[in-house]
Amino acid sequence: MRQNIIALVSGIIFALGLVISGMVNPAKVKGFLDIFGEWDISLAFVMVGSIGFNFFAFKAITKNRPRYSEKFYLPEKTYLDKKLIFGSALFGIGWGLVGICPGPGIVNLATLKSNALLFILAMSVGVVLSKFIEKFTSH
Amino acid sequence: MDDIILALIGGLFIGISSSMMLWGLGRITGISGIFSSATSSIQKDNLWRHSFIIGLLLGGAFMFILFPDHFFSYEISGSPLRIIIAGLLVGLGTQLGSGCTSGHGVCGISRLSKRSLIATMTFIATGIIVVGLERLL
């Protein structure tokens, strides 16, 4: 139960961050990617702010156990593989086409814009597609 | 300058949020993963994912109601076909790539993960290429 409350509050704070920073605005995101045109560098500072904070916070947090969980659930893979690169490349293409990534996609649903809903529906289908692809390509 | 300051503040909020998740639940805040797992099952041990997503929606709604002109005076522009293709690629790509801007870009890099650094550089690169190519067309 405590986990759910913390997750809820974190989600709210995360959304505030996405909105305040401008990450929910597709035009701003495309401007950040428009380095060959009218480059808007400001979203780079979202990473500066978030990574700057997390680099130190994560270090401190991982010295102890999680407050309401028995363990940390951290990614274990360390090697690079084709799936990582290929998947990331595809994601970037989709991101560049409209300027929305998963977090902003969900937050934009709150605006009730029809394109936000269309995007999330398509994203959900993409997730399902990935499960089929992984089934077919697993050895 | 204002935009940079807002980006920094927003980034700080994102950091605080993801640190809270790590501190409280021991989890990485990768929204593509949270979304895909939340939409594939509703179980008791999965409820934290739904709670996070509800939080995202609540936070968004809160800001939209209070500051619609300040933060939301934009369009999500594109033909239905473009938006569908983009959504498909984002959904598919983030699953295959095991993460997105929050999972890899924010959390992964903060942990000095080589995988996340490469993933982030890759999706930023292809994003830049797509936007660049569209300028030429």
Side-chain angles (χ1 to χ4, degrees), chain A residues 3-4 6-8 10-17 19-21 25-27 33-34 36-37 42 45-46 49-51 53-55 57-58 61 66-69 72-73 83 87-98 101-103 106-107 110-111 115 118-119 122-123 126-127 129-130, chain B residues 3-4 7-8 10-15 17 19-27 31-32 36 47-48 51-52 55-61 63-64 71 74 76 78 83-84 86-97 100-102 106 109-110 119 122-123 126-128 130-132 135:
Chain A
Q3 284 199 4
N4 298 334
I6 291 185
L8 179 74
S10 295
I12 292 172
I13 296 174
F14 203 105
L16 297 185
V19 170
I20 291 169
S21 64
N25 180 348
L33 298 172
D34 194 18
F36 297 122
S42 48
F45 288 89
V46 182
S50 56
I51 295 173
F53 182 84
N54 279 347
F55 176 72
F58 278 20
I61 289 167
R67 184 68 177 84
Y68 299 108
S69 172
F72 287 103
Y73 298 84
K83 238 177 73 167
S88 300
L90 287 186
F91 163 46
I93 293 172
W95 194 33
L97 282 175
V98 173
C101 59
I106 295 171
V107 173
T111 66
N115 278 345
L118 184 60
F119 181 87
M123 190 173 97
V127 169
L129 256 173
S130 77
Chain B
D3 283 4
I4 291 182
L8 276 170
L12 186 60
F13 274 55
I14 289 170
S17 162
S19 284
M20 201 181 285
M21 290 293 280
L22 190 67
W23 166 82
L25 281 69
R27 302 252 185 200
I31 294 183
S32 60
S36 69
L47 279 180
W48 66 269
S51 304
F52 185 85
L56 285 180
L57 294 169
L58 280 178
M63 293 299 272
F64 182 57
F71 291 113
Y74 56 83
I76 298 175
I83 293 187
I84 289 170
L88 284 173
L89 289 174
V90 168
L92 176 61
T94 51
Q95 287 302 109
L96 294 178
C100 59
T101 45
S102 57
V106 172
I109 292 182
S110 298
T122 303
F123 60 69
T126 57
I128 286 174
V130 163
V131 172
R135 275 205 166 268

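Sequence lines set the chain letters: A, B, ... in the order given, protein chains first and strands last, and positions in each chain run from 1. Fair warning: this is a prediction, and the values are worked out from it, not measured in the lab.
- Annotation for S21(A) and G10(B): closest pair CB-CA, 3.9 Å, computed over non-hydrogen atoms.
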Discussion item. Determine whether L8(A) and L58(B) satisfy the following criterion, side chain to side chain contact (heavy atoms under 4.5 Å, CB included), listing intermediate values before the conclusion.
Written reply: CA-CA 9 Å; L8(A) 179 74; L58(B) 280 178; 4.1 Å; yes

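- Here the side chains of F58(A) and W23(B) are not in contact, with every heavy-atom distance at 4.5 Å or above.
- Take F64(B) and apply the ring pair (Phe, Tyr, Trp, His ring centres under 6.0 Å) test, not counting sequence neighbours, and it matches F72(B).
- Using a distance-only test at 3.5 Å, with no hydrogens or angles considered, a donor-acceptor pair links the side chain of N115(A) to the main chain of I76(B).
- Only the side chain of I61(A) has a heavy atom closer than 4.5 Å to any heavy atom of chain B.
- Taking CZ of F91(A) as the start and OG of S32(B) as the end, the distance is 7.5 Å to the nearest 0.5 Å.
- Between G37(A) and R135(B), the shortest heavy-atom contact is CA-NE, 3.3 Å.
- Comparing P26(A), G92(A), A57(A) by how many heavy-atom pairs each has under 4.5 Å with chain B, the most go to G92(A).
- I106(A) contributes atom CD1, which lies 8.0 Å from atom CZ of F52(B) (distance to the nearest 0.5 angstrom).
- The greatest number of non-hydrogen atom pairs below 4.5 Å with chain B, out of G103(A), G96(A), S10(A), is found for S10(A).
- Using a 4.5 Å cut-off between heavy atoms, M63(B) contacts chain A through its side chain alone, with no backbone atom that close.
- From T101(B), atom OG1 reaches atom CH2 of W95(A) across 6.0 Å, with rounding to the nearest 0.5 Å.
- Scanning all heavy atoms of the two residues, the minimum distance from S88(A) to T126(B) falls at O-OG1, 4.0 Å.
- Rounding to the nearest 0.5 Å gives a distance of 11.0 Å between CG of D3(B) and CZ of F45(A).
- Heavy-atom minimum distance, F36(A) versus G132(B): CD1-CA, 4.3 Å.
- Here the closest non-hydrogen pair linking N4(A) and L47(B) is OD1-C, 3.5 Å.
- Annotation: the span from I20(A) atom CD1 to I14(B) atom CD1 amounts to 9.5 Å, rounded to 0.5 Å.
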May I have the list of side-chain donor-acceptor pairs in residues 87-95 of chain B shorter than 3.5 Å, sequence neighbours left out?
| residue | atom | partner | partner atom | Å |
| --- | --- | --- | --- | --- |
| T94(B) | OG1 | V90(B) | O | 2.6 |
| T94(B) | OG1 | G91(B) | O | 3.3 |
| Q95(B) | OE1 | S36(B) | OG | 3.2 |

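- Both the backbone and the side chain of A89(A) come within contact range of chain B, each with at least one heavy atom under 4.5 Å from a heavy atom of that chain.
- Taking CD1 from I83(B) and CZ from F119(A), the interatomic distance works out to 9.0 Å, rounded to the nearest 0.5 Å.
- In terms of heavy-atom proximity, G55(B) sits nearest to A15(A) at O-CB, 4.4 Å.
- With chain B as partner, the option from F55(A), Y73(A), F53(A) having the largest number of non-hydrogen pairs under 4.5 angstrom is Y73(A).
- Ranked by heavy-atom pairs shorter than 4.5 Å toward chain A, the options L12(B), T122(B), I109(B), L56(B) are led by L56(B).
- In this structure, F123(B) and C101(A) have side chains that are not in contact, with every pair of non-hydrogen atoms separated by 4.5 Å or more.
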